[in-house]
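I have placed the structure first, in the form of structure tokens, so that the comments after it can refer back to it.
Numbered from 1 within each chain, the chains take letters A, B, ... in sequence-line order. All of these numbers come straight from a predicted model, not from anything done at the bench.
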Amino acid sequence: MTDSSPPDRGATDAPAADSAADVADVADLLATPYRTHTCGVLRAADSGTIVRVSGWVHRRRDHGQLIFLDLRDRYGITQVVIDRTGQPDAHAAASRVRSEFVVTVEGEVAARVPGTENPRLPTGAIELRATAVTVLSEAKTPPFYINDPDATIDEALRLRYRYLDIRREAMARRLLLRSRLVQAIREVHHAHGFVEVETPNLIKSTPEGARDFIVPSRLQPGSVYALPQSPQQLKQLLMVAGIDRYFQIARCFRDEDLRGDRQPEFTQLDLEMSFVDEDAVMAFVEKMVIEVCRVTTPDRPFQETPFPRFTFDEAMDRFGSDKPDLRFGMELVDLGPRLVDAAEVPSSGFRVFDETLAAGGRVKAIVAPGMAGATRKEIDELTERAKRFGAKGLAYLGLAEGGEIRSPIAKFLGDELTRGLIDATGAAEGDLILIVADTPAVTADVLGRLRVELGGRLGLADPDVLAFCWVNRFPMYQWDAENERWDATHNPFSGVLPEDEELLTTLDGDPAKPSPQDPAGRARALQYDIALNGWELGGGSIRIHRRDLLARSFTLQGQTEAGMKEKFGAVLEAFEYGPPPHGGIALGIDRWAALLSHQSNIREVMAFPKTQSGGDLMLDAPSTPEEGQLAELGLSFVGVRGRATPPPPAE
RNA sequence: GGACCCGUGGUGUAGCGGCCCAACAUGCCAGCCUGUCACGCUGGAGAUCGCCGGUUCGAAUCCGGUCGGGUCCGCCA
């Protein structure tokens, strides 16, 4: 019966959808000896009701005869008044209460004395006139302010006492938003016939490029499990199994260095569909994403629907990124055509540009609006940044008010060409043109990063807008010079564009010898990424399910038949039993939740995240294993500073 | 693996070679206060300046190392 009842969409249209007080009605299971109501629900209409509430003491204001307690739970704050003359016992109890004590208060809901209402609290029209105050738990003075939303607190301290940090409204609200996000995801998938399947965390290493976390086996000493970097192979096996439409909120593990948007364990929305093409997957995901965002953050507008689509080449060309932030313009402008003469010979007069173009490179620019007045120091900083991103230098043209041009390269280019370049960029008075000359890849990358940097610094991106886009037609492979082979740019099972199938071959026909001249370098993958506000939110592909194509693709990746069997044995074998055409995608839940919460760091939407060095400051993990644990596994530490342990006995 | 930033009472900051056994705010403790809601008033306790070493007549302040946290590059989808 309850299974068929419609999902509660109360959150969708509730005005306070973004507040910690926003939750489904829990009154039905609330009645316990501790409380009849939460601290967030009482209103003027409840006046006269006898209630009991429990919560943490948010603040105490002691006026002698009269004590005010702000009582807090995750639903809100209710003011309690204790009058000594009427309630001497309650008053005595309230006198010894301190911040963060847990108390139960019994009393009558009353409209506040006129003129003393607090419009900043949803419960500000009423107060609870206490007849009894019971202390359930005492609390030490907390290590930081829980009741001050503006307090800046050292993050290490927050992580050490995360359970106190989560008591703070902002943190609780973010976890709540994340919960709603995941709930919405589940609802949409179930509504579209997806089956939620759990896959194991103790699996075999699935080479996806990242380092595996390894778990030693006790029952099979000398062997290890790997924690999944993603359920990639398992979900493909589910397709062979006929599960048609699969999804999972999956925990994934990657042992790589951390960043603001990367944790060693993180959560993916993993999904896979059978009998689909690229458009079918993208269509579903787009529909799902829109619906989920509408439910989770109804007040965040979409910049554009349907989501714009770019090929990889176009995205790199226009934005210098395969995850462009579309909330502002500042697109890259190719200056090349202006820098060559009628015979297409580079002839700008500025040697760096000419040589770059002659060598097949690119000269491109972005326009930083209003930055013509940048100081020498600011420009040096930008140059420094550009160099760190891989550029050899940064040329610029500043268009000062009044038409004066400020540029170290103008004298080489001459007046006419300088005007021509300004024209090409569309820059206006007061703007600063930044120019990079390098290989196509470096030019795009450096300008792309500068674009994001400056867009942020100049406040060009509306923080509320959700600018989704798709990027597809990625190159199938990247040449790995070190290992003399083609690396799949994403998933090794990613399919190839049908018209590029014939390119999947080695030049000299020697399958054992990939070379950088191979036409495969031009092959494009059936690969699609979804980006949101400049973050890569997810990526997926249509997989290769045909044995022959798979073999050719793997050969280009430098895999031998034996190597393939070792790494992908289960999938390859399964593919001999009727694999359906299939494809899917994985979306980063942490990133999604962070972006919906206006956060630039996924730690802010994780209950118990790890530090940059992979530590848990609260649990003090990782830690030295206990005596015997290693021996039982047949392991010993070797050559670890201060951690060497005696080797296990030979047998 | 690398670059940079930060580390001072419970918390957030100031001080950046002697004026500092360290200042301010807040929190904490005590007393007073019947309408506050960052309550108010009065008084009080609380840090040898992450740790180790060096330079110096003298170090919170300079230098080196180390530990912890963060940002970024490499790495990583």
Side-chain angles (χ1 to χ4, degrees), chain A residues 58-72 77-86 91 95 98-100 110 112-121 123-124 127 129 140-161 164 208-212 229-230 232 252-264 266 268 322-323 384-385 387-390 445 449 453 471 474 487-492 494 527-531 535-541 585-588 591 600-601 603 610-615 617 620 641:
Chain A
H58 191 64
R59 233 182 265 279
R60 187 179 70 118
R61 291 177 296 279
D62 186 344
H63 288 246
Q65 294 296 304
L66 207 57
I67 296 176
F68 296 96
L69 295 181
D70 288 342
L71 202 61
R72 182 196 71 234
I77 289 176
T78 294
Q79 172 168 288
V80 177
V81 205
I82 305 103
D83 191 336
R84 179 187 252 160
T85 49
H91 187 275
S95 294
R98 293 292 179 270
S99 281
E100 301 307 314
R112 291 196 188 182
V113 176
T116 67
E117 300 90 348
N118 185 347
R120 289 188 314 225
L121 283 183
T123 61
E127 61 194 8
R129 306 234 160 108
K140 287 164 60 169
T141 301
F144 51 81
Y145 305 110
I146 289 160
N147 53 19
D148 180 358
D150 301 322
T152 55
I153 305 156
D154 182 52
E155 196 179 353
L157 203 64
R158 292 176 54 202
L159 291 177
R160 166 123 197 265
Y161 297 96
L164 298 181
E208 293 215 28
R211 219 172 272 122
D212 283 320
Q229 294 180 28
S230 78
Q232 183 60 43
C252 305
F253 306 85
R254 287 176 194 165
D255 189 7
E256 294 294 344
D257 289 2
L258 284 71
R259 284 288 188 285
D261 61 354
R262 268 162 36 196
Q263 283 269 312
F266 59 99
Q268 266 183 195
D322 61 358
K323 42 179 193 284
E384 213 33 61
R385 207 166 269 273
K387 284 182 177 167
R388 263 183 37 202
F389 293 152
D445 185 49
R449 289 171 188 250
E453 161 89 21
V471 177
F474 282 77
D487 269 355
T489 50
H490 285 67
N491 180 312
S494 287
Q527 168 81 39
Y528 34 82
D529 278 10
I530 184 167
W535 281 29
E536 182 192 333
L537 187 62
S541 65
I585 196 169
L587 274 65
R591 289 179 183 181
S600 56
N601 195 309
R603 289 192 299 270
K610 292 178 175 54
T611 67
Q612 195 157 49
S613 55
L617 297 177
D620 192 27
R641 224 176 341 162

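Considering only side-chain N and O atoms, A:Arg388 lies nowhere under 4.0 angstrom from the phosphate OP1 or OP2 of B:G2. Phosphate proximity of B:G10 to A:Thr141: absent, as no side-chain N or O sits under 4.0 Å from OP1 or OP2. For B:G10, neither phosphate oxygen OP1 nor OP2 lies less than 4.0 angstrom from any side-chain nitrogen or oxygen of A:Arg98. Side-chain nitrogen and oxygen atoms of A:Arg61 include none within less than 4.0 Å of the OP1 or OP2 phosphate oxygen of B:U36.
To the nearest angstrom, C1' of B:G35 lies 15 Å from CG of A:Leu121. One interatomic measurement links the two molecules: CZ of A:Phe144 to P of B:A38, which rounds to 21 Å at whole-angstrom precision. Atom C1' of nucleotide B:G40 and atom CG of A:Leu66 are separated by 14 Å, given to the nearest angstrom. One interatomic measurement links the two molecules: CG of A:Leu157 to C1' of B:G70, which rounds to 15 Å at whole-angstrom precision. If you take NZ of A:Lys387 and C1' of B:G74, they are 20 Å apart, rounded to a whole angstrom. To the nearest angstrom, P of B:C32 lies 12 Å from CD1 of A:Ile67. We find that CD1 of A:Ile153 is positioned 18 Å from P of B:G69, with the value rounded to whole Å. One atom, CG of A:Asp150, and another, P of B:U26, lie 15 Å apart when rounded to the nearest Å.
A salt bridge does not link A:Glu256 with A:Arg262: none of the charged nitrogens is closer than 4.0 Å to a carboxylate oxygen. A salt bridge does not link A:Arg60 to A:Glu100: none of the charged side-chain nitrogens sits closer than 4.0 Å to a carboxylate oxygen.
If you take atom C1' in B:G10 and the same atom in B:G46, they sit 9 Å apart, rounded to whole Å. A gap of 24 Å separates the C1' atoms of B:G69 and B:A25, to the nearest Å. Comparing the C1' positions of B:C63 and B:U26 gives a spacing of 35 Å, expressed to the nearest Å. Atom C1' of B:A14 sits at a distance of 12 Å from the matching atom of B:C49, rounded to the whole Å. Separation of the P atoms belonging to B:A22 and B:A60 is 12 Å when rounded to the nearest angstrom. The same atom, C1', is picked in B:G68 and in B:C21; the two are 27 Å apart, to the nearest Å. With both ends at atom P, the span from B:G12 to B:C28 equals 16 Å, rounded to whole Å. If you take atom C1' in B:G18 and the same atom in B:U56, they sit 11 Å apart, rounded to whole Å.
Residues A:Asp70 and A:Arg61 meet the side-chain proximity criterion, which asks for heavy atoms closer than 4.5 Å. Between A:His91 and A:Asp83 there is no side-chain heavy-atom pair separated by less than 4.5 Å. Side-chain contact between A:Asp154 and A:Phe144 is absent, with no heavy atoms from C-beta onward closer than 4.5 Å. No side-chain heavy atom of A:Ser99 sits less than 4.5 Å from a side-chain heavy atom of A:Thr141.
Contacts of A:Glu117 with the nucleic acid, taken as non-hydrogen atoms under 4.0 Å apart, include base atoms. At the heavy-atom level, A:Arg262 lies under 4.0 Å from base atoms of the strands shown. Within 4.0 Å of A:Gly538, counting heavy atoms only, lies no atom of the nucleic acid at all. Using a 4.0 Å heavy-atom criterion, one finds that A:Arg449 contacts the sugar-phosphate atoms exclusively. Residue A:Arg59 is classed as a sugar-phosphate contact, given heavy-atom separations below 4.0 Å to backbone atoms only. Across all strands, A:Ser613 comes closer than 4.0 Å only to sugar-phosphate atoms, never to a base (heavy-atom distances). Residue contacts for A:Asn601: at a heavy-atom cut-off of 4.0 Å it reaches the sugar-phosphate backbone alone, with no base atom in range.
Interface remark: the A:Asp62 side chain does not form any donor-acceptor pair with the B:C39 base, using a distance-only criterion of under 3.5 Å. A donor-acceptor contact under 3.5 Å is not formed by the side chain of A:Asp257 with the base of B:C75. The base of B:C37 sits with one of its N or O atoms less than 3.5 Å from a complementary donor or acceptor on the side chain of A:Arg112. With hydrogens and angles left out, the side chain of A:Thr152 and the base of B:U11 share no donor-acceptor pair within 3.5 Å.
Here the OH atom belonging to A:Tyr528 is positioned 6.0 Å from the CD1 atom belonging to A:Ile585, to the nearest 0.5 angstrom.
Checked against B:G35, B:C73, B:U34, the side chain of A:Asp83 finds its nearest nucleotide in B:U34. Relative to the side chain of A:Glu127, the nucleotides B:U11, B:U36, B:C76 differ in distance, and B:U36 lies closest. Nearest to the side chain of A:Arg259, among B:U71, B:U34, B:C75, sits B:C75. Here the nucleotide nearest the side chain of A:Tyr145, chosen from B:G70, B:U26, B:C76, is B:U26. Of the candidate nucleotides B:C37, B:C73, B:U11, B:C37 has the atom lying nearest to any side-chain atom of A:Gln79. Nearest nucleotide to the side chain of A:Arg603, out of B:G27, B:G70, B:C76: B:G70. In the set B:G35, B:G69, B:U71, the nucleotide with an atom closest to the side chain of A:Leu617 is B:G69. Comparing B:G70, B:C76, B:G1 against the side chain of A:Glu256 picks out B:C76 as the nearest. Checking B:U71, B:C33, B:C75 against the side-chain heavy atoms of A:Gln612 singles out B:U71 as nearest.
Comparing A:Asp154 and A:Thr116 by the nucleotide of RNA chain B whose heavy atom lies nearest to each, the residue mapping closer to the 5' end is A:Asp154. Position along RNA chain B of the nearest nucleotide to A:Gln65 versus A:Arg591 favours A:Gln65 as the more 5'-ward residue.
The two residues A:Ser230 and A:Arg254 come nearest to each other via the heavy atoms CB-NH2, 3.9 Å.
Look at B:A23: its Watson-Crick or wobble partner, with both distances under 3.5 angstrom, is B:U13. With a cut-off of 3.5 Å on both pairing distances, the Watson-Crick or G-U wobble partner of B:A3 is B:U71. The base-pairing partner of B:A47, taking Watson-Crick or G-U wobble contacts with both distances under 3.5 Å, does not exist among the strands shown.
The aromatic ring of A:Phe68 is stacked on the base of B:U36, with the two ring centres less than 5.5 Å apart and the planes inclined by under 30°. Stacking between A:His63 and B:C39 is shown: the ring centroid lies under 5.5 Å from the centre of the six-membered base ring, and the planes differ by under 30°.
Using modelled atom types, one side-chain atom of A:Arg112 and one backbone atom of A:Gly124 make a donor-acceptor pair closer than 3.5 Å.
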Evaluate the side-chain contact (heavy atoms from CB on, under 4.5 Å) criterion for residues A:Asp212 and A:Gln229: first the C-alpha distance (whole Å), next the side-chain angles of each, then the deciding distance (0.1 Å), finally the verdict. CA-CA 7 Å; A:Asp212 283 320; A:Gln229 294 180 28; 2.7 Å; yes

